[in-house]
Amino acid sequence: MYIDQHNGVDMGVDLKDIIPGEAKTVIEDLRILHGKIIVIDGYNALYQFLAAIRQPDGTPLMDNSGRITSHLSGLFYRTINIVEAGIKPVYVFDGKPPELKAREIERRKAVKEEAAKKYEEAVQSGDLELARRYAMMSAKLTEEMVRDAKSLLDAMGIPWVQAPAEGEAQAAYIVKKGDAYASASQDYDSLLFGSPKLVRNLTISGRRKLPRKNEYVEVKPELIELDKLLVQLGITLENLIDIGILLGTDYNPDGFEGIGPKKALQLVKAYGGIEKIPKPLLKSPVEVDVVAIKKYFLQPQVTDNYRIEWHTPDPDVVKRILVDEHDFSIDRVSTALERYVKAFKENIRGEQKGLSKWFSRPK
DNA sequence: CCAAGAAA
DNA sequence: TTTCTTGGG
């Protein structure tokens, strides 16, 4: 478990430092994924938009009634870009979190409440930069925001799947079944749930501001392949789950004392499994049910009750939601919709009918 | 984060 | 054309 340097919020299991370069491919041009179905972690995406799309003082985008709209702006424009690149997106949304996560949810709630206080203080003292950081940290995704997002996707003709529990688990399941090419999230959790492929940084404009400094770094999308990862490290998926648990997951956020990426890999390889590691080597401030956590990663709650189908976008409904209900600019939305409808016809509807994109239209 | 207009 | 800055809601 770690605190993300960018938005200051917890991000699940941190496998960053144990993923070998051989298992990662930088995606220089998103069109490399042309024609591929990608299952996007909806909560992860919405949360990022909510945290990032803000004014310098931390104020999010809002409609005339004061309702937050940052998540809708991000979802709308990014989905258009993804479809323009020829990718077929499906979103998956979290359901009821598993009982194992209860502690972590409480912890996050406390962190957000603390951040909300500090945000007020920073606003009082006039420290804009600090205010923005705390605003990002205290960002909360409400049920209404998720409902709005789902309605927008419906209007855009983009399918979404309601997971019974963890969205990352459902995404992994869909990819494993072969109903999608890869999962997409900033978190690594779907790998522990067995997703064969994970895309991170699924964006077009790849400039990201560095936390403290006034600098930007180029962030390109990357593909992580589970089989290559396991072969390169010489471990099994169960071993990888063990490593995740040693480092800390949503179900044991603190991990174990004094164990980082290197030691975790070494211990798991030396003993063959987390349950075989001598207890004295695993020091933790709280009791951790390693067996239950491991079992959850191996057999999470998922469902077959989903349909991945794209429907013709309804520009009028999109406008009703964005312009009429949430005060988006009609000009911007119309321009974007024109791009979208065109890209949708070329990249999604065309291929769905089984026609080669080279022969399906004149010129 | 993304779009759009300005600046380079 | 590409890169940077600002505003979006």
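Keep in mind it's a predicted model, so treat the numbers as computed, not measured. Within every chain, numbering begins at 1; the chains are lettered A, B, ... in the order of the sequence lines, protein sequences first and strands thereafter.
Taking atom CD1 on A:Ile321 and atom C1' on C:dG9, their separation rounds to 16 Å, with Å as the unit. Atom P of nucleotide B:dC1 and atom CE of A:Met145 are separated by 17 Å, given to the nearest angstrom. In this structure, A:Leu30 atom CG and B:dC2 atom P are separated by 10 Å, rounded to whole Å. The distance between atom CD of A:Glu84 and atom C1' of B:dC2, rounded to the nearest whole Å, is 12 Å. Rounded to a whole Å, the CZ atom of A:Arg54 is 14 Å from the C1' atom of C:dG8. Atoms CZ (A:Arg332) and C1' (C:dG9) sit 10 Å apart, rounded to a whole Å. Atom pair A:His71:NE2 and B:dC2:P shows a separation of 16 Å (rounding to whole Å applied). For the pair A:Gln186 CD and B:dC1 P, the computed distance is 9 Å after rounding to whole Å.
Under the side-chain hydrogen bond (donor to acceptor under 3.5 Å, both in side chains) criterion, A:Asp227 pairs with no residue, sequence neighbours left out. Not counting sequence neighbours, A:Thr25 has no partner by the side-chain hydrogen bond (donor to acceptor under 3.5 Å, both in side chains) test.
A:Arg78 comes within 4.0 angstrom of the backbone, heavy atoms only, and of no base. A:Ser70 comes within contact range of no nucleotide atom at all, as no heavy-atom separation falls under 4.0 Å.
Distances shown here put every side-chain N or O of A:Asn81 at or beyond 4.0 Å from the OP1 or OP2 atom of B:dC1. Distances shorter than 4.0 Å separate some side-chain N or O of A:Arg339 from OP1 or OP2 on B:dA3.
Remark: A:Lys283 is not positioned above the aromatic ring of A:Phe256, lacking an NZ or CZ atom under 6.0 angstrom from the ring centre and at most 45 degrees off the axis.
Between the CZ atom of A:Phe328 and the CZ atom of A:Arg332 there is a distance of 10.0 Å, given to the nearest 0.5 Å.
Listed in residue order, the members of residues 56-65 of chain A having a heavy atom less than 4.0 Å from DNA chain C are A:Pro60, A:Leu61, A:Met62.
Counting only distance, with no hydrogens or angles, the side chain of A:Lys16 and the backbone of A:Tyr188 share no donor-acceptor pair below 3.5 Å.
Here A:Phe193 and A:Tyr173 keep their ring centres 6.0 angstrom or further from each other. You'll find the ring centres of A:Phe76 and A:Tyr340 outside the 6.0 Å limit.
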